[in-house]
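The structure presented is a predicted model; accordingly, all values stated were derived computationally and were not measured. Quick note on labels: first sequence line is chain A, next is B, and so on, each numbered from 1. What you see below is based on every heavy atom in this structure, not just the backbone, and it leaves out hydrogens, waters and symmetry mates.
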Amino acid sequence: MSDRPADLRVHDFEEVDSGIPAEEAIAEAARCLQCKKPACVDGCPVGIDIPGFIRCIEDGDFRSAIGIIKESNMLPAVCGRVCPQEVQCEGECILGVKDKPIAIGSLERFLADWERENGIEIPELAEKRSERIAVVGSGPAGLTAAAELARNGFSVTIFEAFHEPGGVLTYGIPEFRLPKEVVQAEISEVKRLGVEIRTNYLVGRSLPVEELLSYDAIILATGAGLPAFMGIPGENQIGVYSANEFLTRVNLLHADAFPHHDTPVKKGRSVVVIGGGNVAMDAARVAKRMGADVTLVYRRRREDMPARLVEAHHAEEEGIRFLCCTNPTRILGEGTVTGVEVVSMDMCELDDSGRPSAKPIPGSEYIIPADVVIEAIGQSPNPLLIRMIEGLVREKKGNLLVDESGKTTVPKIYAAGDVATGAATVILAMGAAKTAADAVCRMLTEE
Amino acid sequence: MYTITAASALAENVYEAWISAPHVSRHAEAGQFLVLRIDETGERIPLTISGVDGDLVRIIFMTVGTTTRKLAALKKGDTILDVVGPLGQPTEVKRYGTCVLVGGGVGIACLPIIAKALKTAGNTVIGIIGARNKDLLILEDEMQSVCDELIITTDDGSYGIKGFAAGPLKEICETRPPDAVWVIGPAIMMKVTSGVTKPFGIRTFVSLNPIMVDGTGMCGSCRVVVGGETRFACVDGPEFDAHEVNFDLLMSRQRFYTDEEKESAAHHTGGCGCGGHH
Ligand SMILES: Cc1cc2nc3c(=O)[nH]c(=O)nc-3n(C[C@H](O)[C@H](O)[C@H](O)COP(=O)(O)OP(=O)(O)OC[C@H]3O[C@@H](n4cnc5c(N)ncnc54)[C@H](O)[C@@H]3O)c2cc1C
Ligand SMILES: Cc1cc2nc3c(=O)[nH]c(=O)nc-3n(C[C@H](O)[C@H](O)[C@H](O)COP(=O)(O)OP(=O)(O)OC[C@H]3O[C@@H](n4cnc5c(N)ncnc54)[C@H](O)[C@@H]3O)c2cc1C
Ligand code: SF4
Ligand code: SF4
Ligand code: FES
C-alpha cells in the first residue's frame, strides 16, 4: 500500500492509495508460504485460487495470474480496492498470526491495473444462443451476471434506471477510493462481451412488468438503494441529507464542481455524519474534501464500526473527528439545520450477537453545531419493482426471498446482490450473481 | 440522446417542447413525470408529462433557473442527453362523477392529460384555469376541447373572472359540490386553493413538486410529509391527498438551494444572478 499524504489528499478526489509497483508485488508474492490448505481461499467469498495467482506473480507471469483471478472474479480492479480484506482473505492468511498477512487485495489490484494497461484479453464466447435474458440493475451483481451469461452465448440486456451504469460503484463509492476510469473499464469489458446496456430505463415503468416477463429469464440485481432515515425530529430541514443523496450529487452529478456542473450541494462548514459503515466514511471524506470540518457520530464503539478498517483509518488521518458511543436525538434549527443534539451511550450489556448493546445515558445530551447533517444509517431494497411483480416474496427487511441458487418464488426470475441480502458487499453481490447466472444457464440449457 | 421534434413559446417565460422518447411515451399515464438531463454538466430535473403522441412526449415548463433556461434555448432537431420515465404513480383515474380540475400558472400543463383520462372514465370534467394576466394563460383551447365546462380567471381581470381560481372553486363547492377535485400549480396556490374544498369534505388531490434527484426512490431529496408521515414524492406521489399535505414544509424545502441557484444563474448568464431574464 502506498497512500498519498493525508494533508495533500484532502484537497482533491484523486485516489488515496496509488498502488504498488511490479517489484514490490513480486517481493510480496515471494512471502507467501503456498499453503497446501490455504486458509486465505476459505476467506474469499468467491474462492479465488489465491496461492495460484500469487505463484504466477512471483514468476513474473502477470498474464496467467490475472487469468486465474478472472476465473472466479469478474471485477478484480474493484474488489482489490474495496473488499473488506481484513475480515476475508487477508483475515484468514496464516502469516497474519505472527506477522503481517499477505497483501492479497493490493496484489489483486496490481494485476487488474497491469492488465488494463497492457490490454485486456477477451474470454472465449460460447456459441450464440437464441434465448434472451433481462438483467435489471447495472451494479456489481448485474454486471457479473450479464457477463457470465453473455459468455455462455445468451443475448443479454441490462436495464439501468440511472443515466450511467455501475450502481453503487458509480454513484456511491467516491473517486478517491475507486476511480471512475476503473469502473468504466470494467463496464466496457462487459459490453465487449456483447451485453447491451440500456440506461434511463426504470424497469416497472419504462419497461412494464409484462414486457419484462417476456424474457426467457430475468435476473433482478436492483441493489439496496432505499435510504433509511432515523425518524428523529428536525430531519426534514434544509441541510439534512441521506448519504445516498449527498454522494449521488457529488459522485454522479459532480456537485463538487458546481457551478461548472449545474447540480448543487450544500458543502457545509460543520458537517455531522451519522453512522459507522463504509457509506458513512465515504460521506464524511467527501464532505471533508469540499472543505468542511467533519464530525462522525457513531452509536457503538470504534472497534464495532462496520467500515473497512483502512477506510476508518484513512478518515481519521484526514482529520475527521470520531464521536463514538454517541447517538443523535434530534436535529436543531428553524427550517435550516443549526446543530444536532446527541446523547452519550452506555455500552455495558452484550446483545444476542455478542456485541455490546448501546443504551442512552439519561442527562448526557449535548449539542454539536452543524449546518449539514448526513444520515448513513442503512439502506434496504427499493420496493418499486418488487411490489409490481406478483408472487415475489419479501423477507422482513424487504429483502427478496431466494434459494441457494438465487431463484425467487416466481418462475424464471432470479435475484442476486443487495436486493436479496440487504446492503452487503461488492464481492458477495458478485458471488451471488455468478451462482444465479449458472443456475439460469442450467435452467435454459437443460430444458 | 433524445431529439426535440418541436419547440415553441406558449407565453412569457413558458415553453413547450416535444421530445422523442419512446420508452417514456409508450407507457406514460396521466399524472406521471419524467426526469431529464440536458448535457454532461446538466442537473437532473423533473417535469410533468403533459401530453403523449406516439413516440413523443410533451413538456411544458417555465424558465425559473439554469436548467429550464437552457431547455428554452433548445430548438427543433436539438438533443437532450438523458430522459427517464414515466415516473411516479399515475393519477387515480376512476368514475367519480363530477371532477373539477384547477390549474394555476404553469401547473395548467398537467391538466389536459388528466382531464382526458377522467373524461374517458366517464366523468363530467369542469376546468378552472388561472394566470396572473391574459398573456400568461396557457392551453385554453386544449382545455376547452377536453372539459365539459371551462372557467378562466386572471389575477388582474384582463381576461375571464378577476381574482384567484379559488373563487369559482368555492362557488362550485357551494352550489353543486363535485365528487373529486385536483389542484395543481405553485405550492402556495395549491395550499390556499385546496383549502377551499376542505370544509366541504371533498376528495382533493394536489401534485407536489419538491426538489428531486433520481426520481426513483433512492435519495430522499423529494421527501414530503403527508398525514404526519414522511413520504417520497417521486415514488409515493407526486399526487397526494391535499388535506393531509404539510405545504409549509414543501415550500421550505423548495428553498434548499436558493443561494446556489443564484450562483448558478450568475455563472451562466454572467449577470447579477437575480434570476431575471436572459
Ligand atoms: C457509499 C457506499 C460505499 C460502499 N463501500 C463498499 C466497500 O468499500 N466495499 C464493499 O465491498 N462494499 C461496499 N459497499 C456496498 C456495495 O457497494 C454493495 O453491496 C454492492 O454495490 C451491491 O451491488 P448490487 O449490484 O447488488 O447493487 P447496486 O450496486 O446497488 O446496483 C443496483 C443498480 O440497480 C439499479 N436499479 C434499481 N432498481 C431498478 C429498476 N427498477 N430498473 C432499473 N434499474 C434499477 C440502480 O439504479 C443501481 O444502479 C458500499 C456501498 C455504498 C452505498
Ligand atoms: C413531479 C414534478 C413535476 C414538475 N413539473 C413541472 C412542469 O411540468 N413544468 C415546470 O415548469 N416545472 C415543473 N416542475 C418544477 C421543475 O422541476 C423546476 O422548475 C426545475 O427543476 C427548475 O430547475 P432550474 O434549474 O431551471 O431552476 P433552479 O434555479 O434550479 O430552481 C428554481 C426553482 O425550481 C425548484 N427546483 C430546482 N431544482 C429542482 C429539482 N431538481 N426538482 C424540483 N424542483 C426543483 C426550486 O425549488 C427553485 O425554487 C416539476 C417538479 C416536480 C417535482
Ligand atoms: S475477491 Fe476480495 S476476498 Fe477474494 S481474494 Fe480478492 S480481495 Fe480477497
Ligand atoms: S494463507 Fe497466506 S501464506 Fe498461505 S497461501 Fe494464502 S496468502 Fe499464502
Ligand atoms: S427524488 Fe430521490 S427519492 Fe425521490
Side-chain angles (χ1 to χ4, degrees), chain A residues 159-164 171-172 198-208 210-211 222-229 231 235-249 252-255 257-267 334-336 375 379 382-385 387, chain B residues 2 21-24 26-28 32 34-45 65-67 70 81-88 211 213-225 230 232 234-235 246 248-249 252-261 263-268:
Chain A
F159 296 95
E160 169 56 50
F162 262 129
H163 57 260
E164 267 178 44
Y171 75 74
R198 282 196 213 157
T199 51
N200 292 322
Y201 247 88
L202 178 65
V203 177
R205 295 272 183 230
S206 320
L207 185 83
E210 312 85 76
E211 285 180 34
T222 48
L226 180 75
F229 285 92
E235 219 166 35
N236 291 328
Q237 299 186 82
I238 293 180
V240 186
Y241 287 104
S242 72
N244 264 10
E245 180 182 354
F246 187 76
L247 291 170
T248 300
R249 282 180 179 273
L252 184 72
L253 295 157
H254 309 290
F258 180 85
H260 300 285
H261 284 254
D262 297 339
T263 305
V265 71
K266 290 270 177 228
K267 294 186 171 142
E334 288 172 18
T336 301
E375 296 192 17
Q379 278 136 242
N382 188 334
L384 183 103
L385 172 61
R387 275 195 200 133
Chain B
Y2 304 86
H23 68 305
V24 182
R26 284 184 197 160
H27 315 292
Q32 291 187 301
L34 51 76
V35 164
L36 62 77
R37 189 175 71 126
I38 298 176
D39 53 30
E40 276 301 334
T41 58
E43 183 176 12
R44 292 170 65 103
I45 68 154
T66 298
T67 307
K70 278 189 185 174
L81 190 55
D82 298 298
V83 180
V84 57
L87 301 174
I211 294 175
V213 181
D214 56 302
T216 66
M218 58 75 65
C219 79
S221 162
C222 64
R223 57 199 193 273
V224 292
V225 170
T230 297
F232 288 2
C234 70
V235 286
N246 182 338
D248 295 335
L249 179 71
S252 160
R253 285 186 62 81
Q254 283 177 341
R255 291 189 293 269
F256 207 115
Y257 296 106
T258 307
D259 297 339
E260 289 81 1
E261 284 153 8
E263 192 183 337
S264 176
H267 173 77
H268 284 282

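Residues passing the side chain to side chain contact (heavy atoms under 4.5 Å, CB included) test with A:Glu211 are A:Leu207, A:Pro208, B:His27, sequence neighbours excluded. Listed by chain and number, the residues in a salt bridge (charged side-chain N to carboxylate O under 4.0 Å, His left out) with A:Arg387 amount to none (sequence neighbours excluded).
The two residues B:Glu260 and A:Pro264 make their nearest non-hydrogen contact at CB-CB, 3.7 Å. Of all heavy-atom pairs spanning A:Pro227 and B:Phe232, the tightest one is CD-CE2, 4.2 Å. Here the closest heavy-atom approach between residue B:Thr41 and residue A:His260 is recorded as CB-O, 3.6 Å. Residues A:Pro259 and B:Glu263 come closest through the heavy atom pair CD-OE2, 3.8 Å. B:Cys219 and A:Ser242 get closest at one heavy-atom pair: O-OG, 2.6 Å. For B:Tyr2 against A:Thr199, the heavy-atom pair with the smallest separation is OH-O, 4.4 Å.
Under the 3.5 Å distance criterion, with hydrogens and angles disregarded, a donor-acceptor pair is assigned to the side chains of B:Arg44 and A:His163. Using modelled atom types, one finds no donor on one side chain facing an acceptor on the other under 3.5 Å when comparing B:His267 with A:Asp262. Between the side chains of B:Arg223 and A:Asn236, a donor-acceptor pair is found at a separation under 3.5 Å.
Neither the backbone nor the side chain of A:Gln379 comes within less than 4.5 Å of any heavy atom of chain B. For chain B, the nearby part of A:Tyr171 is the side chain; its heavy atoms alone come within less than 4.5 Å. In this structure, no portion of B:Leu34 lies under 4.5 Å from any heavy atom of chain A. At a 4.5 Å heavy-atom cutoff, the contact between A:Leu384 and chain B is made by side-chain atoms alone. Neither the backbone nor the side chain of A:Arg198 comes within less than 4.5 Å of any heavy atom of chain B. Only the side chain of B:Val225 comes within contact range of chain A, with heavy atoms under 4.5 Å apart. Looking at A:Thr248, only its side chain comes within 4.5 Å of chain B, counting heavy atoms on both sides. Neither the backbone nor the side chain of B:Arg26 has a heavy atom closer than 4.5 Å to any heavy atom of chain A.
Judged purely by atom type and a 3.5 angstrom limit, A:Asn244 uses its side chain to pair as donor or acceptor with the backbone of B:Met218. Panel note: side chain A:Lys266, backbone B:Tyr257; no donor-acceptor pair is recorded below 3.5 Å. The backbone N or O of B:Val24 lies less than 3.5 Å from no partner atom in the side chain of A:Ser206, so there is not a single donor-acceptor pair.
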Q: May I have the step-by-step check of side chain to side chain contact (heavy atoms under 4.5 Å, CB included) for A:Leu202 and B:Leu87, ending in yes or no?
A: CA-CA 8 Å; A:Leu202 178 65; B:Leu87 301 174; 3.5 Å; yes
Q: Could you walk me through whether A:Ile238 and B:Ser252 pass the side chain to side chain contact (heavy atoms under 4.5 Å, CB included) test, one step at a time?
A: CA-CA 8 Å; A:Ile238 293 180; B:Ser252 160; 4.3 Å; yes
Q. Passes side chain to side chain contact (heavy atoms under 4.5 Å, CB included), A:Glu245 versus B:Val213? Steps please.
A. CA-CA 8 Å; A:Glu245 180 182 354; B:Val213 181; 4.1 Å; yes
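Top candidate by heavy-atom pairs under 4.5 Å with chain B, chosen from A:Glu235, A:Arg249, A:Arg205, A:Gln237, is A:Arg205. The choice from B:Glu43, B:Lys70, B:Glu40 that makes the most heavy-atom pairs within less than 4.5 Å of chain A is B:Glu43. Note on B:Thr66, B:Thr216, B:Asp259: by heavy-atom pairs under 4.5 Å with chain A, the leading option is B:Thr216.
Taking the side chain as every heavy atom from C-beta outward, B:Asp214 and A:Phe162 approach each other to under 4.5 Å.
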